[in-house]
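Quick notes on the structure that follows.
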Amino acid sequence: MPYPEEAEGFQVDSPETFTTFHKRFFKLKPFGDYDVDIKIEACGVCGSDVHTVSGGWGAQKFPLCVGHAEIIGRAIRVGPKVTLIKEGERVGVGAQSYSCGECKQCKNENETYCPVLMIDTYGAQWPETGIVSQGGYSSHIRTHEHWVFPIPEALETNIVAPMLCAGLTAYSPLVRNGAGPGKKVGIVGLGGIGHFGVMFAKALGAETWAISRSRAKEADALKLGADGYIATAEEGWEKAHRCSFDLIINCANSSEGFDLEKYLSMMDVHGRWISVGLPEEAGQVIKAQNLIANGVLIGASHLGSRREMLEMLQLAAEKGLKSWVEELQIGEEGLQEAMLRMKQGDVHYRFTLTGYDKVFNS
């Protein structure tokens, strides 16, 4: 039974078979007054996809079609009460598809922190129906209008897709923590999220430093706009920067061998260390003794608001910012390659799945 009752997508059945994808139909949730149906044209591949299907983030509701919310397509149907999106418009969907809309957090543009009802774009269960949300490795997606975003014409579909999750994950903590002219900002981990961190921190006007283990990515960091580069494998790497950073965004996907004390020593008084990466292994031990020398503040960030998404996309359009992507054909082979290479960290710096019209006919 094809669209509009069902979508067709590529599902994984278990962590043990996370590189094996099966093309199947699955149910969409009932269409609501505020819903938008999107025919997908491209989708980014996020580290979250790999963590989810490989079991790194615990039990999941299999079978599952991932595709973490870096979805670009056309709005082909809008509900009778939709005012934010027009039929035929090119739009995107991020990592979240719903929140309650009524609590304090939702009303204060903190909807990604809603404590009442959070529906992720895939792997969450819609209330009352029991239907599990499915992601962007599919023909269509149905999403509440608040979580559907018009895409500026200046941004190419395959290039903008990764901004819908990875880009926003970097952008939100930057703007919420004052990145801008006169501020020194560090980005730890020059990967899928980190390359956006460097790009957006510089675009916001901050003095921007990339921080990585070796010098292997220094040339890339400078091309992305970094003003400086720190290689943490070098002796005394932190000493020249003690008490100088206003903000450091930690985008690292691993905490192995992570000397947190040295990183924190680089923070200015009451500087902010904000984590956005979610490593599978245990994190670092945090001692008060490591915080008191400069009164450093430690926090984290989750995605970003609708307003921040729209501002980020506009900034990218105005500044001509582009994700660094490799394109892969969606299908069993392309998805297997994406999972294996993501697991090995072999991507420069994001994948975008394309060729949807070749594999989905509905």
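As the structure is a computational prediction, the values presented were derived from the model and not from experiment. Keep in mind that the numbers below use all heavy atoms, side chains included, and drop hydrogens, waters and symmetry copies.
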Task: Shared hydrophobic cluster, V188 / W209 (ILVMFWY, side-chain heavy atoms < 4.5 Å) - done: yes

- [ ] Using a strict cut-off of less than 4.0 Å between a Lys/Arg side-chain nitrogen and an Asp/Glu carboxylate oxygen, indicate whether E326 and R341 qualify as a salt bridge.
- [x] yes

- [ ] Have a look at C65 and tell me which of F26, F21, Y122 forms a side-chain contact (heavy atoms from CB on, under 4.5 Å) with it.
- [x] F26

TODO: Would you check, one step at a time, whether the test side-chain contact (heavy atoms from CB on, under 4.5 Å) holds for I274 with N250?
DONE: CA-CA 6 Å; I274 307 295; N250 177 22; over 6 Å; no

Task: More than 12 heavy atoms of other groups within 6.0 Å of K343 NZ - done: yes

- [ ] Would you indicate whether the side-chain heavy atoms of K39 and S139 approach each other to under 4.5 Å?
- [x] no

- [ ] State plainly whether one hydrophobic cluster holds both M309 and F196, where clusters connect Ile, Leu, Val, Met, Phe, Trp and Tyr through side-chain heavy atoms under 4.5 angstrom apart.
- [x] yes

TODO: Answer with yes or no after comparing the ring centroid distance for F10 and Y137 against a 6.0 Å cut-off, counting only values under it.
DONE: no

Task: salt_bridge(R350, E70) N-O dist < 4.0 Å - done: yes

TODO: Looking only at non-hydrogen atoms, find the nearest pair between V12 and F62 and report the distance.
DONE: O-CD2, 3.2 Å

TODO: Find out whether Q314 and E318 are in side-chain contact, i.e. whether some heavy atom of one side chain is under 4.5 Å from a heavy atom of the other.
DONE: yes

Open item on the list: Please give me the minimum heavy-atom distance between I85 and V148, naming the atom from each residue.
Closed with: CD1-O, 3.6 Å

TODO: Please say whether more than 12 non-hydrogen atoms of neighbouring residues, nucleotides or ligands are located less than 6.0 Å from CD in E332.
DONE: yes

Task: I71-V66 co-clustered via ILVMFWY side chain contacts under 4.5 Å - done: yes

Open item on the list: Can you confirm whether L117 sits close enough to P127 that some side-chain heavy atom of one is under 4.5 Å from a side-chain heavy atom of the other?
Closed with: yes

Open item on the list: Check this for me, if you would: do D37 and R142 make a salt bridge, where the nitrogen-to-carboxylate-oxygen distance has to be below 4.0 angstrom?
Closed with: yes

Open item on the list: Between E109 and R307, does any side-chain N to carboxylate O distance fall below 4.0 Å?
Closed with: yes

Task: Within-4.5 Å side-chain heavy-atom neighbours: H302 and V276 - done: no

Task: K184 with D268: basic N within carboxylate O range, under 4.0 Å - done: no

- [ ] Compare every heavy atom of I131 with every heavy atom of L28, then report the nearest pair and how far apart it is.
- [x] O-CD1, 3.6 Å

Open item on the list: For a 4.5 angstrom cut-off between non-hydrogen side-chain atoms, does K23 reach S138?
Closed with: no

TODO: Check the hydrophobic clustering (I, L, V, M, F, W, Y; side-chain heavy atoms under 4.5 Å; chains of links allowed) and say if M199 and L190 are grouped together.
DONE: yes

TODO: Quick one: list whatever passes side chain to side chain contact (heavy atoms under 4.5 Å, CB included) with L260, sequence neighbours left out.
DONE: F258, L264, W273, Q284, I286

TODO: Indicate whether any N or O donor in one side chain lies under 3.5 Å from an N or O acceptor in the other, for R176 and S301.
DONE: no

TODO: Give me the ring orientation class for Y349 and H195: parallel if the planes are under 30° apart, tilted from 30 to 60°, perpendicular past 60°.
DONE: parallel

TODO: Measure across W57 and L278 and return the closest heavy-atom pair with its distance rounded to 0.1 Å.
DONE: NE1-O, 3.5 Å

Task: Side-chain heavy-atom pair I76, Y3 within 4.5 angstrom cut-off - done: yes

Task: Basic-acidic side-chain contact under 4.0 Å: K202, E207 - done: no

Open item on the list: By the definition salt bridge (Lys or Arg N to Asp or Glu O under 4.0 Å), identify the one residue from E41, E89, E87 that meets it with R74.
Closed with: E41

Open item on the list: Using ring centroids (six-membered ring only for Trp), state whether Y263 and W237 fall under 6.0 Å.
Closed with: yes

Task: Electrostatic pair K107:E102 at N-O distance under 4.0 angstrom - done: yes

TODO: Establish, from distance only, whether the side-chain atoms of E308 and S172 form a donor-acceptor pair under 3.5 Å.
DONE: yes

- [ ] Return the minimal non-hydrogen interatomic distance between K61 and V132, and the atom names on each side.
- [x] CD-CG2, 3.8 Å

Task: 4.5 Å side-chain heavy-atom contact, V198 and T208 - done: yes

TODO: Output, in order, the C-alpha distance, side-chain angles, deciding distance and verdict of side-chain contact (heavy atoms from CB on, under 4.5 Å) for E145 and T83.
DONE: CA-CA 8 Å; E145 65 167 340; T83 60; 4.0 Å; yes

Open item on the list: Are I249 and I230 connected into the same hydrophobic cluster when the rule is that any two of I, L, V, M, F, W, Y join if their side-chain heavy atoms are below 4.5 Å apart?
Closed with: no

Task: Non-hydrogen atoms of D227 and A206 that approach each other most closely - done: OD2-O, 3.8 Å

Task: N294 and H270: side chain donor to acceptor below 3.5 Å - done: no

Task: L164 side chain near I72 side chain, heavy-atom distance below 4.5 Å - done: yes

Task: Six-ring centre of F31, R77 cation under 6.0 angstrom, axis tolerance 45° - done: yes

Open item on the list: Can you confirm whether more than 12 heavy atoms, excluding those of E327, are under 6.0 Å from its CD atom?
Closed with: yes

- [ ] Indicate whether any N or O donor in one side chain lies under 3.5 Å from an N or O acceptor in the other, for D33 and H144.
- [x] no

TODO: Please lay out, stage by stage, how W126 and E128 fare under the test side chain to side chain donor-acceptor pair (under 3.5 Å).
DONE: CA-CA 7 Å; W126 287 97; E128 300 178 2; over 6 Å; no

TODO: Decide yes or no on side chain to side chain donor-acceptor pair (under 3.5 Å) for Y98 and D120, but give the supporting numbers first.
DONE: CA-CA 7 Å; Y98 196 74; D120 292 331; over 6 Å; no

